[in-house]
Amino acid sequence: MDTTPVWKTNAQEIFFPSLANDITVDVAIVGGGITGITAAYLLSSAGKRVVVLESGKIANGSTGHSTGNLYAPVGNDGLHSLKSKWSEDVMRQVVTSRAEAVDFIEATINELNIECDFKRVPWCLFAEKSGNKSYVEAERKMAEKAGLTISNEVPLNLPVETGFSILNQAQFNPLQYTSSLAQKIQSDNCQVYDFTKVTNVKEGETCTVETNGGTVTASQVIMATHTPKGIYLVHTSMEPYREYAVAVILNSDYPPPGIFWNMLSTQHYSLRTYDTPDGRMLIVIGESHKVGTREWNNECFQKLEGFLRRKFDVASIEYKWSAQQYRSSDGLPHIGISTGNKKTYIATGFAADGLTYGTLAAMIISDQILERENKWSNTYKAGRLTPVASFTNFVKENVSVGFHLVKDHLTKKEAEQFDQVRSKEGKIMTVDGKKCAVHRDEEGNLHVVSAICTHLGCVVHWNWNEQSWDCPCHGSRFTVDGEVIEGPAIASLKKITITTESR
Ligand code: FES
């Protein structure tokens, strides 16, 4: 299935070189999404020599697969959950800091003249008759307490039972913004590299970042990879999720510009429009689930499609894509120096709110590296210990990781013989005593790799839609030939040669 996001229609493809020699810089940034590129912009503007090392194409990872929505409130459990886990003061700090990050994006767009369809729009939360009305009411109260400007109108032609709008939030094309920003800051002092895969990071007197194209020596490293690459304590309190998006052309009228969150009984669907050269499109996002827990995930797209067809007159389905997110157990991102490190900064736990949090993380970490005060540093401190705020989710997540680690190793076997793996399928098999991940492509060729995730040893699961091997423990994802797509794993899954006897 083609999983190209709609943002590519308006974003001109921008090419960056790949690293091909050893270099020395002040700051090495691993990851070229919105966090990494914003940090590179801030640090290089302040005179630091910076390099950005992106394993794929700049902005084409989580950033280029995101929603393009920018807002001060938060998704998933909402502001009322932050208040109960933390305090009203922390909830307000989150709203204020996120609003500052959105303002920063707008100012950057204006200053550098970046074309990315940025506009200010309302963010609307509502429930229909069978929806979660109590969630909406709890969030309305929090939005008022946080001092946000709200209206009780939801300008949407659906049977809204209850809802409200927060004015002056924003939308843009995240791929276009981030790749254009990277192009504008590219210079001798700010080197941006595509297809430069980090293979090892060592922190000592100086930091050494090894890549497939050369070694970078740096005073500090920023892990701007959505979840840090390698083994970090923070992985134990992070839940990896995938979420799905569908973009359609309608026969009927479109909703007005805005971010519309429809609170269903157990989750929310997010709606927005976007103008492309092929016409206006309506996008719906939702159906999140833990990574590696739903092999037949085509059903997620079907549910989103079904929702759109019930509510609107759909002419055609144009785009389908999905993206990953990491939810922290205490509800706040972890931003700053990682526990046990002195020179390595991390930024993770953004949940579904990554464009705004990614920008905020870049602002905080840049200030920390430049030894400037940042009023939000403490709120999002990476190495915090929060036994009360995170207890329930921490236990749940680690029981889940332990469950997969033990049960999958003992029992996961989905085929006995290679001919039981049909075209486009992936199955776990034992081959010559080894647990293997076996895929058959559409031409009938077998791809066999070790099923043991190179991060911390869980067994990978098949993702049918994206034809990838996904690890349910901390969200690493691999191609059918074992290459890392995303997540904390650095090394590829080991290729397995099949002997004639094992066939
Ligand atoms: Fe951690 Fe696979 S991602 S074990």
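Both ligands and their constituent atoms are indexed starting at 1 by order of listing. The model shown is predicted, which means the values in this text are computed figures rather than measured ones.
Between H455 atom ND1 and H474 atom ND1, the angle centred on atom 1 (Fe) of ligand 1 amounts to 90° (nearest 10°).
For the pair E442 and R422, the salt-bridge criterion is not met [side-chain N within less than 4.0 Å of a carboxylate O].
The six-membered or imidazole ring of H268 lies away from that of Y135, with a centre-to-centre distance of 6.0 Å or more.
Of all atoms in ligand 1, numbered sequentially from 1 with element shown, those under 4.0 Å from a heavy atom of C453 are 2 (Fe), 3 (S), 4 (S). Within the listing of ligand 1, atoms 4 (S) sit less than 4.0 angstrom from a heavy atom of G457.
Using a 3.5 Å distance cut-off with no hydrogens or angles, the side chains of E210 and T215 do not pair a donor with an acceptor.
With H439 as the fixed residue, the ring pair (Phe, Tyr, Trp, His ring centres under 6.0 Å) test singles out one of F478, W462, W469: W462.
Remark: minimum distance from atom 4 (S) of ligand 1 to any protein heavy atom is reached at L456 N, 3.2 Å.
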Candidate pair F350 and R327, rule side chain to side chain contact (heavy atoms under 4.5 Å, CB included), full reasoning: CA-CA 6 Å; F350 300 160; R327 300 180 186 172; over 6 Å; no
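For atom 1 (Fe) of ligand 1, the set of nearby N, O or S atoms under 2.8 Å includes none belonging to C458.
Heavy atoms from both the backbone and the side chain of S476 come within less than 4.0 Å of ligand 1.
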